[in-house]
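I have placed the structure first, in the form of structure tokens, so that the comments after it can refer back to it.
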Amino acid sequence: MRIIKLELRNFKRFSDLTIDKIPETSKLVLLIGANGSGKSSIFDGFDFIARKVVGQ
């Protein structure tokens, strides 16, 4: 699966976050930021969606 765009609205610390224009040819995407900047919240968003899709 390739992720080319991510949108989080009213999720944890983000009221409106959009990460887009991730090239389809990217093999590695890094999330870099200071402590408390929301890096883990992005992965929590992936987990939330995965649980909804799988139905757990």
Side-chain angles (χ1 to χ4, degrees):
M1 175 193 325
R2 299 232 181 234
I3 298 168
I4 56 173
K5 184 175 183 177
L6 171 68
E7 293 181 19
L8 294 176
R9 288 195 175 75
N10 300 318
F11 185 81
K12 293 207 170 195
R13 65 174 283 116
F14 298 110
S15 59
D16 187 14
L17 170 73
T18 300
I19 301 173
D20 62 352
K21 299 181 183 171
I22 302 170
E24 289 188 37
T25 57
S26 295
K27 295 186 185 248
L28 178 66
V29 176
L30 302 177
L31 294 175
I32 300 171
N35 288 343
S37 63
K39 299 177 302 289
S40 294
S41 294
I42 291 172
F43 286 99
D44 290 343
F46 289 140
D47 184 55
F48 178 81
I49 292 300
R51 290 177 187 271
K52 292 291 184 182
V53 170
V54 174
Q56 293 182 346

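We number each residue from 1, following the sequence as shown. Since this is a predicted model, take the numbers as computed values, not measurements. Only heavy atoms go into these numbers, but all of them, side chains included; no hydrogens, no water, no symmetry mates.
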Using distance only, find each side-chain donor-acceptor pair of residues 14-28 under 3.5 Å and give its atom names and separation, not counting sequence neighbours.
unit_1: Asp16; atom_1: OD1; unit_2: Arg9; atom_2: NE; d: 3.3
unit_1: Ser26; atom_1: OG; unit_2: Pro23; atom_2: O; d: 3.1

So the side-chain hydrogen bond (donor to acceptor under 3.5 Å, both in side chains) pairs with at least one residue in residues 41-50 (sequence neighbours excluded) are Lys12-Asp44, Asp47-Arg51

For Asn10, what residues pass the side chain to side chain donor-acceptor pair (under 3.5 Å) criterion, not counting sequence neighbours?
-> none

Applying side-chain contact (heavy atoms from CB on, under 4.5 Å) to Phe46 and not counting sequence neighbours gives Ile3, Leu6, Ile42, Phe43

Mind jotting down which residue pairs meet the salt bridge (Lys or Arg N to Asp or Glu O under 4.0 Å) criterion with at least one end in residues 29-39? Sequence neighbours excluded, please.
-> none

Around atom CD1 of Ile4, are there more than 12 heavy atoms of other residues, nucleotides or ligands at under 6.0 Å?
-> no

